[in-house]
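For reference, the structure is listed below as structure tokens.
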Amino acid sequence: MTEKIIILSDGRSKPLTIPADLAPPTGEVRDRLARPLRDLRISITDRCNFRCVYCMPKEVFDKDYQYLPHSSLLTFEEIARVARQFVAHGVEKIRLTGGEPLLRKNIERLIEMLAQLTTVDGKPLDLTLTTNGSLLARKAKALKEAGLQRVTVSLDALDDATFRAMNDVDFAVADVLEGIEAAYDAGLGPIKVNMVVKAGMNEQEILPMARHFRNTPHILRFIEFMDVGASNGWNMKDVIPSAEIVRRIGAEMPLAAIDPNYTGETAARWRYTDGGGEIGVISSVTQAFCRDCTRARLSTEGKLYTCLFATQGHDLRALLREGHSDAELSAAIGELWRVRGDRYSELRTINTDGLARTAARKVEMSYIGG
Ligand code: SAM
Ligand code: SF4
Ligand code: SF4
């Protein structure tokens, strides 16, 4: 039987230490494995209107499920203040996520605030958002006007019955497709479409999805079902390795590998040899990419995570609400990154036994935002 209670916001978070030396940020901070800090993912809500079977299964996230009270969430002002410190340490890309980020009221106001930030080289931030697409048709234009540059849309099947079974709230695939087109028309492209592949659930949709998005401006990416959180009943048997996905598509529509756009890109890129565009595969399980991981994550209630699979976050909200100065916040963030040594996926590849030991304690995807 599935365990009912999942502790998302918890007493297990660690305090964030302010170092004695408040040296100002230099625009470049490296962790113990010499990885710079370049990306920040911010979860802005723990709520969602979907119940994807691999993320927020209905049996756990039911009507009695306790979401965070509004007062626990970081305010837009707090988020923008934190984002400013991260940008000063070298962050160039910010991704808003959740839960479903478009459920957060007045999200356009937050986007306007973040769009004003520039990187240490004076360039505009790469400001993007991951969404299930359900509200995109309605919101795309306003998001673009607020300063959002791109969106990534999650879509796990083209077949309506399969899609409804994956989102588990009977949401129609046509509405997400409409959202993708609205986002493209609003100028939020190139749009990445992310499909999580779960064996026996939607793997038969790999080819129809590839055929559908071939010869379109959108980039389809396949994600291996990951062992995030503790509620999705993950099992290696449910994972279709990326190499197998590439093999299946390539057998019908020949593919050739292409170089990454930048170091640390999570997706390996493949192009159709006949010029029909490209696909990506994200091998989070079968091929660790920790070596180039430049991502920090900020949870809905202001805990900082230096790895998606971390068991504990660092309480940045406490510092914000205790009235610390920007110099103190910045120094604390810099120091946390300097001591970072996370490489969970790499270690998992080396020793899969480790999974069993950590599975019960990891944070949920809907809380930390993927
Ligand atoms: N609700 C938004 C959405 O679905 O796009 C944003 C949040 S969602 C947690 C972010 C991404 O994580 C989605 O693309 C989703 O498919 C992916 N995801 C969630 N659980 C996953 C899992 N167990 N394995 C792989 N990807 C997962
Ligand atoms: Fe919601 Fe996204 Fe998780 Fe699906 S993957 S349940 S849409 S947060
Ligand atoms: Fe980065 Fe952690 Fe994922 Fe490795 S396991 S790529 S360190 S988030």
Side-chain angles (χ1 to χ4, degrees), residues 31-33 35 37-39 41-58 60-61 95-104 128-136 151-157 163 166-169 171 176 179-180 192-198 201-202 221-235 238-240 242 264-267 282-285 287-297 299-300 305-311 340-349 354 358-359 362-370:
D31 72 7
R32 278 180 10 221
L33 304 174
R35 299 169 295 190
L37 174 54
R38 292 278 180 263
D39 312 79
R41 296 193 181 186
I42 307 175
S43 172
I44 58 172
T45 177
D46 59 335
R47 289 163 199 257
C48 188
N49 53 346
F50 282 15
R51 286 292 174 274
C52 302
V53 289
Y54 52 76
C55 179
M56 294 179 78
K58 247 183 189 163
V60 179
F61 295 86
R95 175 178 297 280
L96 300 180
T97 173
E100 175 45 44
L102 298 186
L103 289 182
R104 179 90 186 243
T128 170
L129 170 153
T130 304
T131 171
N132 62 25
S134 58
L135 301 169
L136 205 47
V151 288
T152 296
V153 181
S154 304
L155 178 63
D156 297 328
F163 184 62
M166 292 293 281
N167 65 54
D168 218 8
V169 293
F171 198 86
V176 177
I180 292 173
K192 289 178 182 149
V193 178
N194 279 356
M195 170 178 177
V196 174
V197 182
K198 190 170 176 202
M201 187 94 201
N202 64 340
R221 307 189 314 168
F222 298 90
I223 305 179
E224 290 175 347
F225 175 45
M226 278 189 282
D227 53 320
V228 277
S231 63
N232 65 11
W234 185 89
N235 189 307
D238 296 329
V239 179
I240 310 268
S242 290
E265 188 172 32
T266 47
I282 302 180
S283 316
S284 11
V285 178
Q287 229 171 14
F289 39 77
C290 301
R291 199 169 310 128
D292 295 322
C293 178
T294 55
R295 284 177 294 282
R297 293 176 159 88
S299 82
T300 317
Y305 289 83
T306 52
C307 176
L308 179 56
F309 297 94
T311 51
R340 173 189 191 239
D342 302 290
R343 51 190 194 107
Y344 174 88
S345 289
E346 235 170 59
L347 297 176
R348 172 187 46 200
T349 311
T358 53
K362 289 178 306 202
V363 289
E364 294 298 320
M365 196 74 151
S366 51
Y367 171 72
I368 198 173

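Just so you know, ligand 1 is whichever comes first in the structure, and atom 1 is the first atom listed for that ligand.
Checking L135, I44, L96 one by one against L102, the side-chain contact (heavy atoms from CB on, under 4.5 Å) holds for a single residue, L135. Of the options T131, T45, N49, a side chain to side chain donor-acceptor pair (under 3.5 Å) to E100 is made by T131 and by none of the others.
For ligand 3, the atoms lying closer than 4.0 Å to a non-hydrogen atom of L308 are 2 (Fe), 8 (S). Taking a cut-off of under 4.0 Å to the non-hydrogen atoms of R295, the atoms of ligand 3 that pass are 6 (S). Remark: ligand 3 atoms within the under-4.0 Å shell around heavy atoms of R297 are 8 (S). Residue F309 has at least one heavy-atom neighbour below 4.0 Å for each of these atoms of ligand 3: 5 (S). Residue Y344 approaches ligand 3 through these ligand atoms, each under 4.0 Å from one of its heavy atoms: 5 (S). Residue C307 has at least one heavy-atom neighbour below 4.0 Å for each of these atoms of ligand 3: 2 (Fe), 5 (S), 7 (S), 8 (S). For ligand 1 and E100, the ligand atoms under 4.0 Å from any heavy atom of the residue are 1 (N), 2 (C). Applying the 4.0 Å criterion to heavy atoms of T97 picks out, from ligand 1, the atoms 6 (C), 7 (C).
The existence of a salt bridge linking D39 and R295 is excluded, since no basic side-chain nitrogen approaches an acidic carboxylate oxygen closer than 4.0 Å.
For atom 2 (Fe) of ligand 2, the closest heavy atom belonging to the protein is C48 SG, 4.5 Å. For atom 7 (S) of ligand 3, the nearest protein heavy atom (residue, atom name, distance) is D342 O, 3.6 Å. Considering only non-hydrogen protein atoms, atom 4 (Fe) of ligand 3 sits nearest to C290 SG, 2.3 Å. If you check which protein heavy atom lies closest to atom 3 (Fe) of ligand 2, you get C55 SG, 2.4 Å. Counting only heavy atoms of the protein, atom 1 (Fe) of ligand 3 lies nearest to C293 SG, 2.4 Å.
Judged by the shortest distance from any of its heavy atoms, G99 lies inside the 4.0 Å radius around the atoms of ligand 2. The closest approach between M195 and ligand 1 stays at or above 4.0 Å for every heavy atom of the residue.
Side chains of T130 and R95: a donor on one and an acceptor on the other come within 3.5 Å. Between the side chains of T300 and D46, no donor-acceptor pair of N or O atoms lies under 3.5 Å. One side chain, Y54 or D156, offers a donor N or O that lies under 3.5 Å from an acceptor on the other.
Distances from atom 8 (S) of ligand 1 to the heavy atoms of P101, S134, G98 put G98 nearest. Comparing G99, C48, S284 against atom 1 (N) of ligand 1, the shortest heavy-atom distance belongs to G99.
Where the criterion is an N or O separation shorter than 3.5 Å, residue side chain and backbone included, F225 fails it with respect to ligand 1.
Using cut-offs of 30° and 60° for the angle between ring planes, the F163 and F171 rings count as perpendicular.
The nearest N, O or S atom of C52 is not closer to atom 3 (Fe) of ligand 2 than 2.8 Å.
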